Amino acid sequence: MSTVDQAAVTRVKDAVAARGNGAVLSATQPHPDTLRFVIEKNAMRAAVAGLVKELRARFLISVGTDQRPLTGDFSILHLFSLDQDHLYVLLESSVSEKDPWIESITDLVPGANWAEREFRDAIGVRPDGHPDPRRLLLADDWPEGVFPLRRDFPYNYKPPRAENVRPQMLEPPKGASVLPIGPFFPVLEEPAYWRMFVEGETVVGCDTRIFYNHRGIEKLGDSVMTYNEIPYLAERICGICGFIHSTCYCQAVEKAAGIEVPRRARYIRTIMLELERIHSHLLWLGIAGHIIGFETILMQTWRVREPVMWLCEEISGNRKTYGMNTVGGLRRNLANQIMPKLLETLGRVEKETVAIRDAVIGDTTLQARTKGVGTLTNEWAKQVCVVGPPARASGVAIDARVDHPYAAYDEIPPRIATEEAGDTWARVLVRIAELLDSIRLVRDALAAIPPGPICADIKEEIPPGRFGLSVVEAPRGEAVHFVLTGGDNRPYRWRVRAPTYPNLQAMPAMVEGANIADVPITLGSLDPCFSCTERLETIDRTTNEVRVYSGAELLEMSRRRVCPGGAR
Amino acid sequence: MFLSKLREALICLKAGRVTLDYPLAPQEPKPGFRGKITIDADLCFGCGGCANVCPANVIVLSDTEQHRRTIEFYWRRCTYCGRCEEVCPEKAIRLSQQFETATNDPQDMYMRLEVFMGPCQRCGRCFPPPTALDRMMNTGFREGPRGGRA
Ligand code: SF4
Ligand code: SF4
């Protein structure tokens with residue numbers, strides 16, 4: 001475990017205390033790597049400013065909890081990460097039911113934009129002074145004043161629909177026309193509605209309406225499921241990084257309950273996490289090729305990927321949704337007979353990946369379509385708190401596996417791959433480097449895997465009122481799970497933040513000034529995963545659109561795009 | 001440019017044909033595969049352990065008569081997680097190797113089992129033999145209050 005520097009702890013405490021102006025009600029260190037401050041609502045903004053401006057803390061997510069049955073108030077929690085110091089900082093305020101508002105921090109941390117809108121929609125605490133207070137999470141025909149994550153809202157209640165509503169979309173700038181993409185569009189695979197404001201062929205801005213995929217899993221988690229049933233639900237948050245979400249959830253509960261996971265289980269988790277990264281990055285490479293019309297990459301990477309899927313099936317019993325995680329460890333052991341086969345398959349995957357890399361890296365067509373496209377500057381990447389490969393491709397060297405080691409990453413550290421350019425090509429390079437490093441990690445883990453039990457022996461019930469925060473580096477960036485334990489053998493609050501959530505918020509900056517034909521690959525280069533991002537409530541309908549280009553037309557445009565001389 | 005195109009062509013040529021003949025040729029799943037659930041009616045004694053842990057609520061218990069407990073399996077909802085198999089003290093419920101379960105009749109994905117039980121002398125409710133229940137308690141982590149639903 002990376003040790004937490006005591007000086008850093010003091011520094012954070014001082015920074016919060018200095019800005020908090022005597023409004024800090026309590027400062028505790030519930031886990032060695034977590035500092036928790038309870039502060040008065042009116043000092044929250046100042047404390048956040050202190051953390052972000054002085055200590056360069058990175059915003060993770062906000063959690064709004066309806067704590068009325070316990071304390072009579074709502075609670076708003078802002079989570080931060082101090083990557084260099086390996087610390088998490090939690091700032092908590094309670095907000096009274098009579099006057100449910102809290103000062104917005106979006107102007108200090110642009111990345112908090114969606115998080116604040118989300119707690120407004122879910123529990124009804126208004127972020128005061130928010131620059132864009134439109135609906136985010138709830139469907140447009142969801143009635144006003146009904147908040148699905150409040151405790152007194154039954155999980156199976158369907159409120160009557162609101163009448164005469166349409167999506168609240170931004171007006172295009174004067175002179176620009178609107179090009180709608182979605183809600184169904186081939187590059188996206190999942191529904192999302194983008195309105196590109198264009199002048200001729202150039203994008204001058206964009207607006208989004210997403211969250212069409214809510215499945216209400218957070219509500220299910222705290223009202224229907226039990227601790228040991230949620231891993232199977234968490235696994236289904238994402239079709240590709242399922243193991244990541246179930247690991248992240250289990251780790252959060254384990255941390256809350258103080259459960260020590262056996263070393264072998266931590267190693268097997270590491271192996272499965274890395275196998276997932278390998279097949280996810282291969283999948284992405286294929287899709288990126290497909291978007292720009294380079295089908296050879298699609299065919300070949302997916303061919304290379306398939307043996308990894310078979311391997312996962314052999315290890316876990318299913319090619320996806322492995323069902324291996326449980327609170328305290330694992331349910332299925334990694335059989336020793338599989339290991340030689342695992343090594344052999346990895347060897348083959350590595351050889352073929354290197355062959356594909358060497359072939360495509362010199363391909364000028366590919367470079368011309370990705371270099372200088374969808375550039376995300378280092379500064380803006382930090383501001384909107386982008387995570388994962390898009391962050392690393394913009395020179396932000398963050399990786400939860402290194403910054404907050406979990407599973408066995410403290411014993412077999414990964415190498416962080418970074419690029420400076422911040423364009424789509426840089427994201428391709430980062431992902432290929434990571435893919436090869438993952439293969440090395442699996443090899444290292446297999447060489448060092450210890451014998452022993454795979455699941456902790458849990459005799460006590462999980463005590464209520466504790467919290468656990470876990471961050472896991474998914475192929476798309478870091479996934480964050482926050483659990484507040486409760487009675488009835490289930491969490492009181494379970495908050496999930498998928499990596500696409502912060503990454504999509506960077507999209508407007510990335511497409512501004514771009515050519516329309518570059519939009520699909522820019523979006524694709526984030527490897528967006530909407531069903532992960534949108535976990536919460538209900539379904540949505542789309543109302544009418546302004547002007548419709550068919551998806552096929554736009555995809556065709558993206559493939560035809562001729563780009564003289566590469567970088568534009 | 002030309003070189004990389006050549007390399008790409010070589011990769012494709014070397015790969016050859018990789019698709020499988022399925023469904024024309026049968027496909028065997030890997031050992032340890034988790035497929036459709038099967039129940040051995042002779043082994044099941046109606047303890048309800050499986051219903052208690054099933055995350056997808058596939059298994060529903062109801063004590064229809066004094067001596068009879070009905071266990072229904074709506075396995076079209078099954079997530080193939082294998083929790084039921086893990087906790088079943090008699091290994092009556094198992095995940096088979098069967099994966100070709102597509103059907104256009106939902107009734108094909110429904111099973112019903114009636115188990116003869118010993119009712120309590122006082123309250124008249126069914127309960128399984130205490131020894132097996134004890135064994136059941138030793139399997140898995142404490143389960144939620146949902147399963148015992150009558
Ligand atoms: S496999 Fe899982 S989902 Fe299916 S019946 Fe068993 S416990 Fe329920
Ligand atoms: S756990 Fe086994 S014995 Fe008990 S009810 Fe289910 S199938 Fe029958």
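The shown structure was predicted, so the numbers you read here are calculated from the model rather than taken from an experiment. Reminder, nothing fancy here: chain letters follow the sequence lines and each chain counts from 1.
Residues of residues 27-35 of chain B that come closer than 4.5 Å to chain A, counting heavy atoms only, are B:Pro29, B:Lys30, B:Pro31, B:Gly32, B:Phe33, B:Arg34, ordered by residue number. Using non-hydrogen atoms only and a strict 4.5 Å limit, the part of residues 70-81 of chain B facing chain A consists of B:Thr79, B:Tyr80, B:Cys81.
Looking only at side-chain heavy atoms (C-beta outward), A:Thr296 and B:Cys12 come within less than 4.5 Å of each other. Put simply, the side chain of A:Asp363 reaches to within 4.5 Å of the side chain of B:Glu8, judged on heavy atoms.
Note: A:Arg331 leads A:Glu313, A:Glu235, A:Met324, A:Arg331 in heavy-atom pairs under 4.5 Å with chain B.
At most 12 heavy atoms of other shown residues, nucleotides or ligands fall within 6.0 angstrom of atom CE in A:Met299. Within 6.0 Å of NZ in B:Lys91 there are more than 12 heavy atoms belonging to other residues, nucleotides or ligands.
With a threshold of 4.5 angstrom between heavy atoms, A:Asp358 approaches chain B through its backbone and through its side chain. Of the atoms belonging to A:Val360, heavy atoms from both backbone and side chain fall under 4.5 Å from chain B. Of the atoms belonging to A:Thr326, not a single heavy atom falls under 4.5 Å from chain B. For chain B, no part of A:Arg319 is nearby; none of its heavy atoms comes within less than 4.5 Å.
In this view, B:Asp105 and B:Thr103, B:Gln107, B:Asp108 satisfy the side chain to side chain contact (heavy atoms under 4.5 Å, CB included) rule, not counting sequence neighbours. Under the side chain to side chain contact (heavy atoms under 4.5 Å, CB included) criterion, B:Ile11 pairs with A:Gln300, A:Arg303, A:Ala355, A:Ile356, A:Ala359, sequence neighbours left out.
The shortest heavy-atom contact between B:Asn52 and A:Glu229 is O-OE2, 3.7 Å.
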### Pair A:Asn228-B:Arg83, side chain to side chain contact (heavy atoms under 4.5 Å, CB included): steps then yes or no
CA-CA 10 Å; A:Asn228 258 348; B:Arg83 278 289 277 162; 4.0 Å; yes
